[in-house]
There are 2 protein chains.
Amino acid sequence: MEQKRPGGRTLAGDAYERIRQQIRSGAFGPGERLRFADLQALCSMSVTPVREALTRLTAEGFTTLDDHRGYSVARLSLAELRDITAARQLCEGEAFRLSVLNGDAEWEGRVLASHHLLTRIPQARDDIPSAMREDWEERHAAFHAALISACGSPTLLEICRNLFRRADRYRRMSVSLDGAARDVAGEHRTLMDLALSRDAERAASALKEHYGRTAAALEIFFES
Amino acid sequence: MEQKRPGGRTLAGDAYERIRQQIRSGAFGPGERLRFADLQALCSMSVTPVREALTRLTAEGFTTLDDHRGYSVARLSLAELRDITAARQLCEGEAFRLSVLNGDAEWEGRVLASHHLLTRIPQARDDIPSAMREDWEERHAAFHAALISACGSPTLLEICRNLFRRADRYRRMSVSLDGAARDVAGEHRTLMDLALSRDAERAASALKEHYGRTAAALEIFFES
DNA sequence: GTCATAAGGATTTTCGAAAATCATTGACTC
DNA sequence: GAGTCAATGATTTTCGAAAATCCTTATGAC
């Protein structure tokens, strides 16, 4: 029997995407135990590909493994939020700086286009339908990826991609904030403007500050 | 008290260590195809734990996966050497800087002790017995780990650990160089001295230069 | 009551084989 | 001869169950 698997070429790949999405969206919450029986039912497959998915997720910091005691969703903490933010400021800051220095007209086009897409739909919030919220999340990630896409370093890009995803789990907590004190759209526009004006140092600084603000806004979730 | 034995509490962990060691030592060369049948024979286990090991190794950049076409040892290239070196200079440089700023007396002790161990045996070379060579490699890694161990950022440390291991594959090519033009031991001593003198900026610069020299010495292997 | 220990159930980890996919070969057409 | 296509063999990927391990509960001694 031929199975249709849009997007993935192996069941393990599908399981990886699916479980990561569940964690991303909060359907699997921080610290939650992930039992193979449940995941097999969710993904409609045997234990082997599920296991491979969890191995990958663990290597990337989304889940944790206790030998012979199973997998859990990685917990969120203020300390890790600050830690990841600092690492992002270092790595993405440098990647953005290099992008501005090295980027060609095609890169400028990608920045412009991805920013345009980002402004066409309202930012993710509680009162926005879930489908459109996911749409914004995707375009947001694409915009930030575009900014650093001309840095010329696959290694740095891979590090940044992972850090972005891990930080994304934290950022999604803020959809319940109304962000009144912050003009996120304006910050994104500033980032684009600085990129296109080719001022590498100021661009990198602005990106670092952008991430710093995001992290600061999230600290209130960890008061207890 | 239960202890985690290095070497692994699961077969998958054992396979991971074993295969990584084979790649590290060159027994599995760059680009070489890794067949499950061979690895199962090598590790004396079934396909499942071997597969898990390869999944982890691939996530860390030591192997590559072509869906349905199997795993191979990641190739080495001059471009990647330069790329990894730049990423190390950024990440380890910052981690070292933070360590010098934040490190306490215990950290100083770790730096001092690990450097002492490093100087007690001759540096890895072709004319040195393999066992002692491995010993030096281990102490060398421990020294560099100690330098950055007080940076306070688990995320950054994890990134550095992975970059170090990947760069290590390149550095091991140089055991056939006699390093006449370079005083590696002296550079290590300088790093220690700068760490203990608590001059963060100069220490970070020295570490970056140290990695730059290492990479430069390896470029000759990629002339073709 | 507390501690230690053992039995039972739940869960992870591993196995051996089946299914799916890829690569090669060779026949056949044009 | 070049190209298409089916058959074959090699290899990866997945399955379903067995084995190993952990956790909970029950039992008994002090």
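Values in this document were obtained by computation on a predicted structure and should not be read as measured data.
- Remark on DNA chain D: of its neighbouring residues Gly70(B) and Pro49(A), the 5'-side contact belongs to Gly70(B), judged by nearest-heavy-atom nucleotide.
- Residue Leu90(B) holds its CG atom at 7.0 Å from NZ of Lys208(B), rounded to the nearest 0.5 Å.
- Counting any heavy atom pair closer than 4.0 Å across all strands shown, Leu54(B) reaches no nucleic acid atom.
- Using a 4.5 Å cut-off on side-chain heavy atoms (C-beta onward), Cys151(A) and Asn102(A) make no contact.
- Straight-line distance from the CZ atom of Arg33(A) to the P atom of dT11(C): 7 Å, rounded to whole Å.
- Across every non-hydrogen atom of Ala167(B) and Ile84(B), the tightest pair is CB-CG2, 4.0 Å.
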Pair Leu191(A)-Val111(A), side chain to side chain contact (heavy atoms under 4.5 Å, CB included): steps then yes or no: CA-CA 10 Å; Leu191(A) 290 172; Val111(A) 170; over 6 Å; no
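- What you find for Ala12(B) and Ala53(B) is that their closest heavy atoms are O-CB, 4.0 Å.
- Taken from CZ in Arg161(B) to CZ in Arg166(B), the straight-line distance is 13.0 Å, to the nearest 0.5 Å.
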Polar atom pairs between nucleotides 16-21 of chain D and protein, under 3.5 Å, N or O only, would you list them?
unit_1	atom_1	unit_2	atom_2	d
dG16(D)	N7	Ser46(A)	OG	3.4

Without placing hydrogens or testing angles, list every side-chain donor-acceptor pair under 3.5 Å for residues 69-79 of chain B, not counting sequence neighbours.
unit_1	atom_1	unit_2	atom_2	d
Ser77(B)	OG	Glu80(B)	N	3.0

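- In this structure, Glu52(A) atom CD and dT13(C) atom P are separated by 15 Å, rounded to whole Å.
- The stretch residues 36-45 of chain B touches DNA chain D through Phe36(B), each having a heavy atom within less than 4.0 Å of the strand.
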Output one line per pair: protein atom, nucleotide atom from nucleotides 7-10 of chain C, and distance, for all N/O pairs under 3.5 Å.
none

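- Regarding Leu34(B), its CG atom lies at a distance of 9 Å from the P atom of dT12(D), rounded to whole Å.
- By the side-chain hydrogen bond (donor to acceptor under 3.5 Å, both in side chains) test, Arg110(A) pairs with Ser149(A), sequence neighbours left out.
- Of the candidate nucleotides dT13(C), dC22(C), dC15(D), dT13(C) has the atom lying nearest to any side-chain atom of Thr10(B).
- Here dT14(C) presents its C1' atom at 7 Å from CG of Leu11(B), a figure rounded to the nearest Å.
- Using a 4.0 Å cut-off, no side-chain N or O of Arg51(A) falls inside it from OP1 or OP2 of dT12(C).
- Ring geometry for His188(B) against His144(B) counts as perpendicular: the plane angle is over 60°, on a 0 to 90° scale with 30° as the lower cut.
- Between the CG atom of Asp14(A) and the C1' atom of dT13(D) there is a distance of 13 Å, given to the nearest Å.
- Of the side-chain N and O atoms in Arg69(B), none sit less than 4.0 angstrom from OP1 or OP2 of dT11(D).
- Of all heavy-atom pairs spanning Gln123(B) and Ile128(B), the tightest one is O-CG1, 3.8 Å.
- With sequence neighbours excluded, no residue forms a side-chain hydrogen bond (donor to acceptor under 3.5 Å, both in side chains) with Gln22(B).
- Put simply, OH on Tyr71(B) is 10 Å from P on dT12(D), counting in whole angstrom units.
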